[in-house]
Amino acid sequence: MFVSLLIFSLSLLGAPFSSLAQNVTPLSELQWTLTNPNHSISVPGHVPSQAHLDLHDAQVISDPYYGLNDFNLRWVAETNWTYTASLASLNLSSNATTWLVFNGLDTFSTISVCNQQIASTDNQFRQYYFDVTKALTGCNSPTITINFGSAPNIADALADTSLNEPWKASQLNYEFPNRWLIRKEQSDFGWDWGPAFAPAGVWQPAYIVQLSNNHLYVRNTLLDIYRQGQLNNLPPDQTKPWVVNASLDVLGTIPQHAELRIEIKDASNKTVTSSVAKNVTISGGAISGSIVVEDSAVKLWWPNGLGQQNLYFATVTVVNSGDTVVSSTKRTAFRTIVLNMEPISKRQLGQGIKNGNNWHFEINGHEFYAKGSNFIPPDAFWPRVTTTKIQQLFDSVTKGNQNMLRVWASGAYQPDFIYDIADEKGILLWSEFEFSDSLYPVAQSFLDNVREEAIYNVRRVNHHPSLALWAGGNELENLELYLAELYDPGNYSRWQKEYETLFLNVLLPAVYENSRSISYIPSSTTNGYLSLNHSAPHPMVERYNNETEGYIYGDTDHYDYDSTVAFNLSSYPVGRFANEFGFHSMPSLQSWEEAVAPEDLHFNSTTIQLRNHHYPSGSLNTTNFANSTKGMGEMTIAVELYYPTPDKADPLANFSSWCLATQIFQADFYRSQIAYYRRGSGMPERQLGSLYWQLEDIWQAPTWAGIEYSGRWKMLHYIAKDIYSPVIVAPYWNYTTGDLTAYVTSDLWESVNGTVDLTWYDWSGNVLSNVTNGTSSIPFTVGALNTTKVLQTNTESLGKSVDLSNAVLKMNLTTTGHLPNDKTLSIFTHEFFYHPILSLGKARLVDPGLNLIVNGNNDTTSGPTFTVRATSGVSAWTWLDSPSGVVGNFDGNGFWLVPGETKTVGFDVKNDTTGGEWVKNVTVSSLWDFSTP
């Protein structure tokens with residue numbers, strides 16, 4: 001057990017595994033210096049790091065995230081930077097082969113050892129390895145120098161060539177132009193939710209490796225675990241045994257008659273199987289082989305809420321003449337995850353599902369509802385993304401009832417430790433190659449570069465059970481090909497062919513040739529394939545349009561910034577799966593205080609506006625208020641349409657209220673869409689997934705995020721947690737006809753029975769007995785992964801007997817059942833308040849008379865709890881707020897109360913700099929408070 005845990009802890013740190021007769025030294029142990037070209041700046045450097053971070057550590061620049069430094073520090077990105085270190089302290093052996101291994105160089109680098117140029121690199125996402133033995137020979141004072149060229153400048157230089165012409169018409173510019181020409185994190189050039197720093201540096205761990213004769217170093221390990229006979233994108237036979245295919249990419253010469261041994265142990269260090277691999281091949285610096293594992297020998301891995309996360313350790317060993325040459329251990333699991341895009345079957349048609357194709361995920365042969373959000377880069381500077389930050393972020397994911405994240409392109413391929421944490425917590429990661437909102441070059445040099453990038457990353461992360469899918473990129477079919485056809489229809493066939501060259505002829509083989517356990521789609525939003533033939537030279541033929549009346553294909557991507565139709569159900573798309581949808585909001589006052597000067601803390605200050613990158617400036621213009629004010633205006637209009645407008649006498653309190661008001665609209669809008677998509681599980685579209693945009697913030701700014709940069713939850717994450725509960729009740733109102741229905745929707749894998757209690761109140765909390773004669777209790781039965789109607793009425797007829805501006809419907813659901821793969825009987829409850837007047841700004845709100853009681857003290861075991869009570873009216877959007885100095889989240893928030901009701905919630909502390917004093921400054925408010933001074 002100790003050995004397995006030690007190996008795993010090393011993998012979390014990104015370290016290589018030691019093998020016999022090898023000496024591996026992290027380059028982080030060297031003393032580095034960072035300089036600019038004329039040496040007017042010379043400061044200590046680090047590996048891994050990036051120039052901005054080292055300059056900030058040395059106080060050459062201020063915090064890149066503060067104020068308008070997104071614009072003020074562009075000179076850093078436009079400068080070349082050189083990292084230099086002495087190798088003398090390593091006492092390198094002259095009798096060994098010496099390699100440099102880089103897991104990530106960002107992006108254009110020239111590497112020299114002992115003043116001899118070793119290589120140049122041009123891809124942030126590749127692993128590079130160089131034999132430097134000759135360069136070190138006879139070198140008395142060995143040094144290593146890594147010069148990084150300015151990525152924006154190099155991209156501009158490439159744009160001056162003819163390579164730019166074929167795809168220029170449909171490109172989306174953010175700040176720095178020409179991002180699509182280079183293999184660097186595309187959002188480094190700006191995005192509508194983030195800054196444009198375009199950093200440079202050794203952003204991933206790097207090593208110097210010395211090998212004695214006849215020994216090996218493992219630079220990458222592939223494990224592919226699949227059902228016997230399984231093929232990509234197709235549901236496998238769950239009765240078949242498991243195949244474990246292993247492959248080691250090594251430095252050194254592999255003995256021609258070497259054996260490969262694969263041993264699998266469970267979490268308690270008990271050996272499950274250990275045998276010599278069959279079908280061993282040695283080719284291109286890799287040795288591969290496979291074993292078969294009986295189904296009964298292992299337990300399955302399941303996503304959050306669907307079962308246990310059973311994990312195993314697989315050790316792959318190269319043996320030559322009975323001696324161990326090298327070995328590698330990876331933590332892994334046994335599961336199948338398939339994106340099913342097969343045609344709707346006769347059986348499904350008989351169930352009332354519309355014709356077309358499926359578009360849903362299946363885990364271990366089971367359909368399930370994918371609930372989650374989109375994961376963007378958690379920081380503009382990857383070296384400061386820590387295990388703690390991701391642990392806390394993914395804790396919020398699981399506490400938010402989510403089981404899947406779409407890892408958006410174009411950030412960066414996630415480091416292994418992020419997949420490790422997802423493996424532990426049961427979070428499926430729909431992963432994407434780093435291409436987004438552009439058409440890309442098809443020059444052979446570009447394609448060859450991408451091929452190496454893709455193969456490395458597919459092999460690197462394939463052992464993680466959390467890996468759910470590979471997608472070629474973001475919004476390519478539904479946006480980029482659409483724009484190409486719109487802007488240059490005469491050349492559309494060319495754009496489509498070039499698109500297929502990259503996403504079907506390069507990326508698809510990178511997946512299919514290295515893994516049989518994972519599905520691939522060319523674009524995040526896609527209508528799927530017309531045909532899939534694994535024996536064909538080009539296995540996948542795409543379906544580009546959904547034009548067959550009465551048929552449904554593919555997933556949906558939906559944004560509508562016209563807030564007047566935000567709650568119009570007919571404005572939402574009908575599809576099999578929703579992979580993106582949303583609306584932006586402001587972060588909290590507490591987050592703004594981290595990055596903005598006190599004098600700028602008002603809604604339309606210059607700094608606040610220019611940190612709003614929706615809409616993107618589309619250039620390097622630092623004063624593009626015309627675009628940023630559009631986004632500010634959209635938030636303002638939405639608040640004024642639907643809620644009381646904050647108008648407090650104190651400017652800071654008014655700013656804070658406005659921030660919260662935009663969050664309420666965002667949460668309300670998302671809740672409406674999520675409920676609608678979830679209801680679709682029982683509708684003809686058989687909709688089985690919703691991933692909203694977006695999970696978290698990359699910095700402090702107006703964005704679509706539900707979790708702020710510090711980890712503080714916005715209103716959205718609380719409401720998403722609620723509406724992603726396993727069994728929910730929700731209203732659906734056609735405000736054109738007045739028809740009001742309510743449905744119970746269940747994600748459980750069994751039918752359940754229960755009741756929904758319906759009670760109408762006025763805003764003072766009096767029961768409107770003339771509507772339903774008090775509380776109406778409605779029994780229901782809802783099938784597995786299904787929905788059922790529990791209410792049908794009309795608000796126009798209701799309005800004849802009730803003042804709709806003074807009416808609220810409270811829906812309470814109670815049922816019992818089993819979570820998937822859980823024998824424990826659980827009680828499920830859910831609550832939803834519906835108001836038949838669209839704008840709460842026109843509702844007859846009253847002061848709910850909220851009381852707040854703090855229970856217990858701020859100890860390290862359970863922490864405090866907070867009890868809120870409404871005394872004199874219905875409390876809408878009740879909000880508990882924690883002050884600056886503490887970061888954490890409540891168990892629940894954004895809830896509603898009727899007079900006499902109480903709700904008690906706990907608080908999960910992530911970081912506290914107040915010594916527990918924060919508890920005294922927790923406040924509670926409701927929508928009513930927007931209208932008070």
Side-chain angles (χ1 to χ4, degrees), residues 166-172 179-180 186 191 232-233 339-343 356-361 374 406-410 430-442 447 450 454 468-489 491-512 519-532 538-548 551-560 573-581 685 687 689-691 693:
W167 53 89
K168 187 174 183 179
S170 64
Q171 310 303 50
L172 296 187
R179 60 182 171 82
W180 49 85
Q186 302 285 270
W191 218 263
N232 309 80
N233 288 78
L339 175 57
N340 186 337
M341 297 187 291
E342 293 188 301
N357 278 50
N358 288 283
W359 211 109
H360 65 263
F361 290 90
N374 284 256
R406 174 175 164 243
V407 184
W408 170 86
S410 279
W430 159 339
S431 300
E432 300 190 345
F433 295 101
E434 306 307 331
F435 301 90
S436 183
D437 289 335
S438 292
L439 296 180
Y440 285 83
V442 291
L447 297 178
V450 168
L469 173 73
W470 277 111
N474 171 64
E475 295 179 328
L476 301 170
E477 288 180 34
N478 64 316
L479 180 60
E480 291 308 312
L481 286 179
Y482 164 78
L483 291 175
E485 185 173 26
L486 180 67
Y487 292 144
D488 196 4
N491 284 317
Y492 177 72
S493 61
R494 179 182 179 180
W495 310 146
Q496 181 177 306
K497 182 179 179 181
E498 292 188 357
Y499 164 79
E500 291 183 351
T501 297
L502 176 55
F503 296 100
L504 290 181
N505 298 350
V506 173
L507 294 182
L508 182 146
V511 176
Y512 279 19
S519 299
Y520 172 81
I521 55 175
S523 175
S524 58
T525 309
T526 175
N527 286 319
Y529 52 76
L530 282 170
S531 64
L532 183 67
H538 302 287
M540 188 178 289
V541 177
E542 286 217 75
R543 179 194 312 278
Y544 285 107
N545 295 301
N546 177 11
E547 296 179 347
T548 306
Y551 283 61
I552 298 177
Y553 300 102
D555 56 338
T556 61
D557 178 319
H558 176 65
Y559 294 97
D560 193 336
V574 176
R576 307 290 189 191
F577 195 106
N579 70 64
E580 278 194 47
F581 54 94
E685 61 264 31
Q687 209 274 9
S690 59
L691 310 178
W693 189 269

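Heavy-atom basis, side chains included; hydrogens, waters and symmetry copies ignored.
The two atoms that bring Leu507 and Tyr520 nearest to each other are CB-OH, 3.4 Å, heavy atoms only. Across Trp430 and Ala471, no two heavy atoms sit closer than the pair NE1-CB, 3.8 Å. Of all the heavy atoms in Arg179 and Leu172, the pair that sits closest is NH2-O, 3.0 Å. The heavy-atom pair separating Pro522 from Phe503 by the smallest distance is O-CD2, 3.8 Å.
Considering OG of Ser523 and OH of Tyr499, their distance stands at 4.5 Å, rounded to 0.5 Å.
A cation-pi contact, defined as under 6.0 Å to the ring centre and within 45° of the axis, is absent between Arg576 and Tyr553.
Listed by chain and number, the residues in a side-chain hydrogen bond (donor to acceptor under 3.5 Å, both in side chains) with Glu580 are Arg406, Tyr559 (sequence neighbours excluded). Considering only residues two or more places apart in sequence or on other chains, Glu477 meets the salt bridge (Lys or Arg N to Asp or Glu O under 4.0 Å) condition with none of them. Residues forming a ring-ring contact (aromatic ring centres under 6.0 Å, His included) with Tyr512 (at least two apart in sequence, or on another chain): His534.
In this structure a side-chain-to-backbone donor-acceptor pair under 3.5 Å is missing from Asn545 to Glu547. Remark: the backbone N or O of Asn232 is not paired with any side-chain donor or acceptor of Ser519 at under 3.5 angstrom. Side chain of Ser524 to main chain of Glu475: a donor-acceptor pair is present (N/O by atom type, distance under 3.5 Å, no hydrogens or angles). At least one donor-acceptor pair closer than 3.5 Å links the side chain of Asn357 to the backbone N or O of Met341. Judged by distance alone, with hydrogens and angles left aside, the side-chain atoms of Gln687 form a donor-acceptor pair with the main-chain N or O of Gly689 at under 3.5 Å. Side chain of Gln186 to main chain of Ser410: no donor-acceptor pair is present (N/O by atom type, distance under 3.5 Å, no hydrogens or angles). In this structure, the side chain of Asn374 does not engage the main chain of Trp408 through any donor-acceptor pair within 3.5 Å.
Ring-plane geometry between Trp470 and Phe433 is classed as parallel, the angle between the planes falling under 30 degrees on a 0 to 90 degree scale with a further cut at 60. Using cut-offs of 30° and 60° on the angle between ring planes, the pair Tyr440 and Phe435 is perpendicular.
The number of heavy atoms from other shown groups lying within 6.0 Å of OH (Tyr482) does not exceed 12.
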